[in-house]
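Below is one structure, written out as structure tokens; comments come after it.
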Amino acid sequence: DVQLQASGGGFVQTGGSLTLSCAASGFPFEDYQIAWFRQAPGKEREGVSLITTSDGSQSYINSVKDRFTISCDNGKNTVFLRMNNLEPEDTAVYYCAARMNRRGYNTNWLRSGAYEYWGQGTQVTVSS
């Protein structure tokens, strides 16, 4: 069975840090791209960051660039999202998602519909 297990969320003050983890199983990890999405109350789910596990290439939305870092440990089939200098606007449920890497034919990574598998979400709350 495919599983994406997200963890690491919590409650922090503005300027604090958290590291989210996404443990994957049931599919060939290095053939996939893994993304983090988030959804705040009353808002649509939005893509935050993407990593291509085969080569470590990364993408970020502008609002988290220079604050968040995505990485992966292929030996443990795990993707991390290190979040520094957190802001109240980062408060959301964070989800990891996986899609097959179609090398050169990947669609826009920001589209949630482009992903085959989703984790259950982990809550991040940043107080002002």
Side-chain angles (χ1 to χ4, degrees):
D1 289 352
V2 171
Q3 285 195 344
L4 290 172
Q5 185 73 32
S7 61
F11 182 95
V12 296
Q13 293 187 331
T14 297
S17 298
L18 285 171
T19 298
L20 306 183
S21 299
C22 175
S25 61
F27 61 90
F29 188 74
E30 292 195 29
D31 290 339
Y32 276 68
Q33 295 179 309
I34 309 293
W36 286 98
F37 281 74
R38 66 186 179 186
Q39 188 165 20
K43 294 189 176 182
E44 291 189 357
R45 190 171 296 189
E46 67 168 350
V48 174
S49 184
L50 172 84
I51 191 163
T52 299
T53 56
S54 59
D55 63 9
S57 57
Q58 304 156 29
S59 298
Y60 300 91
I61 57 172
N62 286 338
S63 62
V64 307
K65 210 173 286 186
D66 299 328
R67 298 189 299 123
F68 290 10
T69 302
I70 193 169
S71 62
C72 62
D73 183 338
N74 289 8
K76 296 182 178 179
N77 285 7
T78 302
V79 171
F80 304 97
L81 185 69
R82 174 66 177 178
M83 306 184 295
N84 294 327
N85 195 20
L86 283 160
E87 304 168 351
E89 293 74 22
D90 297 316
T91 295
V93 177
Y94 283 70
Y95 301 88
C96 56
R99 69 176 186 178
M100 182 176 290
N101 181 9
R102 290 175 169 81
R103 293 173 171 84
Y105 297 93
N106 290 312
T107 58
N108 184 353
W109 71 271
L110 294 169
R111 287 181 54 248
S112 60
Y115 294 83
E116 299 158 46
Y117 308 119
W118 288 84
Q120 84 288 5
T122 184
Q123 176 71 46
V124 172
T125 303
V126 186
S127 67
S128 58

> Does one side chain, of Ser54 or Glu30, offer a donor that lies under 3.5 Å from an acceptor on the other?
Replying inline: no

>> Could you tell me if the side chain of Val2 sits less than 4.5 Å from the side chain of Glu116, heavy atoms only?
In response: no

> Would one find more than 12 heavy atoms of other residues, nucleotides or ligands at under 6.0 Å from atom CG of Asp66?
Replying inline: no

>> Using only atom types and a distance under 3.5 Å, with no angle test, would you say the side chain of Thr19 pairs donor to acceptor with the backbone of Leu81?
In response: no

> Relative to Tyr94, does Arg38 satisfy both conditions: NZ or CZ under 6.0 angstrom from the six-membered ring centre, and within 45 degrees of the ring's axis?
Replying inline: no

> Under 6.0 Å from the CD atom of Gln120, do we count more than 12 heavy atoms belonging to anything else shown?
Replying inline: yes

> So, for Thr122 and Gly9, which heavy atoms are closest and what is the spacing to 0.1 Å?
Replying inline: OG1-N, 3.0 Å

> Can you hop from Leu110 to Phe37 via hydrophobic side chains spaced under 4.5 Å?
Replying inline: yes

> How many angstroms lie between atom CD1 of Ile51 and atom OG of Ser59, to the nearest 0.5 angstrom?
Replying inline: 10.0 Å

>> Quick check: closest heavy atoms across Asn84 and Ser17, and the distance to 0.1 Å?
In response: OD1-OG, 2.9 Å

>> Whether the side chain of Tyr60 engages the backbone of Ile70 through a donor-acceptor N/O pair (distance < 3.5 Å, no angle test) should be reported.
In response: yes

> Would a 4.5 Å heavy-atom cut-off, applied to side chains only, mark Thr14 and Pro88 as touching?
Replying inline: yes

>> Side chains of Asp31 and Asn101, heavy atoms from C-beta outward: is any pair under 4.5 Å?
In response: no

>> So Trp36 and Val79, do their side chains get closer than 4.5 Å, heavy atoms only?
In response: yes

> Atom OG of Ser128 and atom CD of Gln13: how far apart are they, to the nearest 0.5 Å?
Replying inline: 9.5 Å

> Could you walk me through whether Phe68 and Leu86 pass the side chain to side chain contact (heavy atoms under 4.5 Å, CB included) check?
Replying inline: CA-CA 9 Å; Phe68 290 10; Leu86 283 160; 3.9 Å; yes

> How long is the gap from CD on Gln58 to OG1 on Thr52, to the nearest 0.5 Å?
Replying inline: 9.5 Å

>> Could you measure the distance from the OG atom of Ser57 to the CG atom of Leu50? Nearest 0.5 Å is fine.
In response: 7.0 Å

> Between Asn74 and Phe29, is there a donor-acceptor pair closer than 3.5 Å when you use the side chain of the first and the backbone of the second?
Replying inline: no

>> Checking Ser7 against Gln5: is there a side-chain donor and acceptor pair closer than 3.5 Å?
In response: no

> So, the side chain of Tyr115 versus the backbone of Trp109: is there a donor-acceptor pair under 3.5 Å, distance only?
Replying inline: yes

> Of the non-hydrogen atoms in Cys22 and Ile34, which two are nearest, and what is the gap between them?
Replying inline: SG-CG2, 4.5 Å

> Which atom pair, heavy atoms only, marks the closest approach of Cys96 to Ala6?
Replying inline: SG-CB, 4.1 Å

> Which distance, rounded to the nearest 0.5 Å, do you find between the CD of Gln33 and the SG of Cys72?
Replying inline: 11.5 Å

> Do you know the tightest heavy-atom contact between Met100 and Asn106?
Replying inline: O-OD1, 3.6 Å

>> Would you say Phe80 ends up clustered with Tyr32 if hydrophobic residues are merged whenever their side chains have heavy atoms under 4.5 Å apart, either directly or through other cluster members?
In response: no

>> To check you understand the geometry: which heavy-atom pair defines the closest contact between Tyr95 and Gln39, and what is its length?
In response: CE1-CB, 4.3 Å

> Do Thr78 side-chain atoms and Ala23 backbone N/O form a donor-acceptor pair below 3.5 Å?
Replying inline: no

>> What's the separation between atom NZ in Lys43 and atom OG1 in Thr91, rounded to the nearest 0.5 Å?
In response: 10.0 Å

> Is a side-chain donor or acceptor of Arg99 paired with a backbone partner of Ala114 at a separation under 3.5 angstrom?
Replying inline: no

